[in-house]
Every structure is written in C-alpha cells, then in structure tokens.
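Below: the structure, in structure tokens.
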Amino acid sequence: MFIRNESFYSFRKQYPVITILVAIHLILFVWMNFLPFGDLILTFGIGFNLDVANGEYWRLVTPIFMHIGMGHVLFNSFSLVIFGPALEQMLGRFKFILTYLLTGIAANVATFWVGGLMYGPHLGASGAIFGLFGLYVYIVLFRKELIDQANAQLVLTIIALGLVMTFLGTNINIFAHLFGLIAGAALGPIILTGVRPYSAYRQRVFDEGEVAFDPTRWQKRQNMRKRLKPVIWSILILLVVIGLASRLF
C-alpha cells in the first residue's frame, strides 16, 4: 500500500493527480529560487494573515503549492508520493484533489483565524498532507476494511512522529498541521462513501516490454516486500524526523 515499486511511466499513468501536484511543487520551487520574477511569485503567493484580512483571499490557496527550502519541497513531495497513491486510487481523481485542496485551505483558514493578524508568513503543502493523514486516521478507526493492520500501524506511527515533531520543531505552522489533520478526519464520512480497498493491481499500467502475466509474480512481490519493509520503515521515520524538525514553514 505504501511501498512504491512502479516505474516513472506507470506511476504517472496510474496516479496523474499526484504526479501533477509534485510537478507543481518542483516547478514553483525552482522558479521562486532560481528564475526571474521568482521573488514576485513568493511575494504575491505566500500566506500572510494581514493580507488575507485586506481581501487577498487567494493566499488561502496558493501557499499549498509553494516551498522555499530544498528539504521542505523534497519532504512534502516524497510524503505525497508515498502516502497519496492509495488514496488517489480509492477515492478517484476528483475526490482526491478535492480532499487535498479542502484540507489545505482549511489549514490556512485555521492559521488565519487562530493565528491572528500578526502571525508570520507561511507556505507549504504540509497542511494538505496532514489532511491526507487525517483521512487515514478515520480509515483506521472507522473503516478498518479499507486498510490492513500492518499498514494501519505504519501510517499511525508516521502520524504520531509527525505530531511530536510539529511541537518540537522550529518555525512550523502548528495550526496548519493540527487543523489539516482534523479536516481530513472530518471529511472521512463523506469522502469515503462507496470506496473500495486499495489494490496494487487495479488498473495497473504495464511498461513497454513488461510481461502482463507472470505465474510467479505473487511470490516475487511477497519476497520483495519482506526485504524492503525494514528499509522503508527506516527511511520514512528518518525523513519525518529530519523533515519536520527542519524549518518547514
């Protein structure tokens, strides 16, 4: 569910929304940091409560796609690639992007109302990603048929680490993390209506030259997952600790 073994070709075909979101993250990051007029993109897109109060409501949306530091953009994009595909498949493209945007906006609205007019500038996709985590929390608690025990344990561990580092890290938008998580869980009863469990082989796109049927594929997959599981756990935990402890916002 969270182990990615697709090629770039098959991944972008199966998960186009996530591919587009990551592309936007990277394009805006490169533009803001290295290309002409990047400072204007940052100035007019960054979240700033005082400007929102003055009518610049687009600032509740644009920060979701913007990142300033290399660690920030890589951590959020990697998290989206790891934890997003299962939800994009289960929800479908429209519900997935709707969930992502609504939770990201809810995180920025909460930052506006709770943080107050003097709250500093903020940006990043973390509020929306915590929104996806919140949806997973609802799945683990109330829709257990959609996730197996091993994956439920993994995602809850990552969420717990993320919450701990939210309060221990510096320059982190705590409001965005917490209210993004709450918004994702609150959307669960509505957004999960009629969904089916994730399947690694549902609507799978095969690479050119790849054999579509291999009688030993199930055994190969099981052996590979056993070998990769400790590595994936270590990488995920390390990224959470490093990424959320750094200056993400």
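Every heavy atom of this structure was used, including side-chain atoms; hydrogens, water molecules and symmetry mates were not.
Put simply, Ile27 and Met66 are part of two different groups of oily side chains (I, L, V, M, F, W, Y) that touch within less than 4.5 Å, one to the next. Clustering ILVMFWY residues whenever any of their side-chain heavy atoms sit less than 4.5 angstrom apart, transitively, puts Ile172 in a cluster other than the one holding Met118.
How far CD1 of Ile82 is from CG of Leu154: 9.5 Å, rounded to the nearest 0.5 Å. In this structure, the separation between CG on Leu87 and CG on Leu192 is 8.0 Å, given to the nearest 0.5 Å. The distance from atom OG of Ser7 to atom CZ of Arg12, rounded to the nearest 0.5 Å, is 8.5 Å. Rounding to the nearest 0.5 angstrom, the gap separating the CZ atom in Phe83 from the CG atom in Leu132 is 10.5 Å. For the atom pair Phe96 CZ and Leu135 CG, the distance stands at 9.5 Å (nearest 0.5 Å). Rounding to the nearest 0.5 Å gives a distance of 12.0 Å between CD1 of Ile182 and CZ of Phe175.
Ala107 and Ala176 get closest at one heavy-atom pair: CB-O, 3.4 Å. Considering all non-hydrogen atoms of both residues, His67 and Met32 come closest at O-CE, 2.9 Å. Nearest heavy-atom pair, Tyr100 versus Ala128, reported as atom, atom and distance to 0.1 Å: O-CB, 3.4 Å. The minimum heavy-atom distance linking His122 with Pro63 is given by the pair O-CB, 3.8 Å. Of all non-hydrogen atoms in Val73 and Leu26, the two that sit nearest each other are CG2-CD2, 4.0 Å. In plain terms, the two heavy atoms of Ile174 and Tyr119 that are nearest each other are N-OH, 4.4 Å.
Between Phe11 and Val81 the shortest side-chain heavy-atom distance falls below 4.5 Å. The shortest distance between side-chain heavy atoms of Met70 and Leu74 falls below 4.5 Å. At a threshold of 4.5 Å between non-hydrogen side-chain atoms, the residues Leu42 and Leu123 count as touching. The closest side-chain heavy-atom distance from Pro85 to Gln14 is not below 4.5 Å. When side chains are defined from C-beta on, Met165 does not count as touching His177, because their heavy atoms never get closer than 4.5 Å. For the pair Ile159/Leu181, a side-chain contact is recorded, criterion being any heavy-atom separation below 4.5 Å from C-beta on. Put simply, the side chain of Ile41 does not reach to within 4.5 Å of the side chain of Thr62, judged on heavy atoms.
Under a 3.5 Å cut-off, the side chain of Asn108 and the backbone N or O of Leu60 do form a donor-acceptor pair. Side-chain N or O atoms of Ser10 include none that pairs as donor or acceptor with a backbone N or O of Glu6 at under 3.5 Å. Distance alone, capped at 3.5 Å, is enough to place a donor-acceptor pair between the Thr193 side chain and the Ile190 backbone. With hydrogens and angles disregarded, a donor-acceptor distance shorter than 3.5 Å links the side chain of Asn54 to the backbone of Leu50. Judged by distance alone, the side chain of Lys144 and the main-chain N or O of Val140 form a donor-acceptor pair under 3.5 Å. At least one donor-acceptor pair under 3.5 Å links the side chain of Asn49 to the backbone N or O of Gly116. When atom types are taken as modelled, the side chain of Arg59 and the backbone of Phe48 share no donor-acceptor pair closer than 3.5 angstrom.
In this structure, Glu145 places its CD atom where more than 12 heavy-atom neighbours from other residues, nucleotides or ligands lie under 6.0 Å away. By the neighbour-count criterion of 12 heavy atoms within 6.0 Å, atom CH2 of Trp58 is densely surrounded, having more than that number from other residues, nucleotides or ligands.
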Problem - From CA spacing to verdict: ring pair (Phe, Tyr, Trp, His ring centres under 6.0 Å), Phe44, Phe37 - result: CA-CA 11 Å; Phe44 287 102; Phe37 308 111; over 10 Å; no
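There is no side-chain donor-acceptor pair under 3.5 Å between Asn76 and His25. Asn151 and Asp148 share a side-chain donor-acceptor pair at under 3.5 Å.
For Phe142 and Tyr138, the distance between ring centers is under 6.0 angstrom. For Phe130 and Phe133, the ring centers are positioned less than 6.0 Å apart. Annotation: Phe65 is not in aromatic contact with Phe29 [ring centroid separation under 6.0 Å not met].
Put simply, the residue from Ile24, Ile18, Ile20 that forms a side chain to side chain contact (heavy atoms under 4.5 Å, CB included) with Val22 is Ile18.
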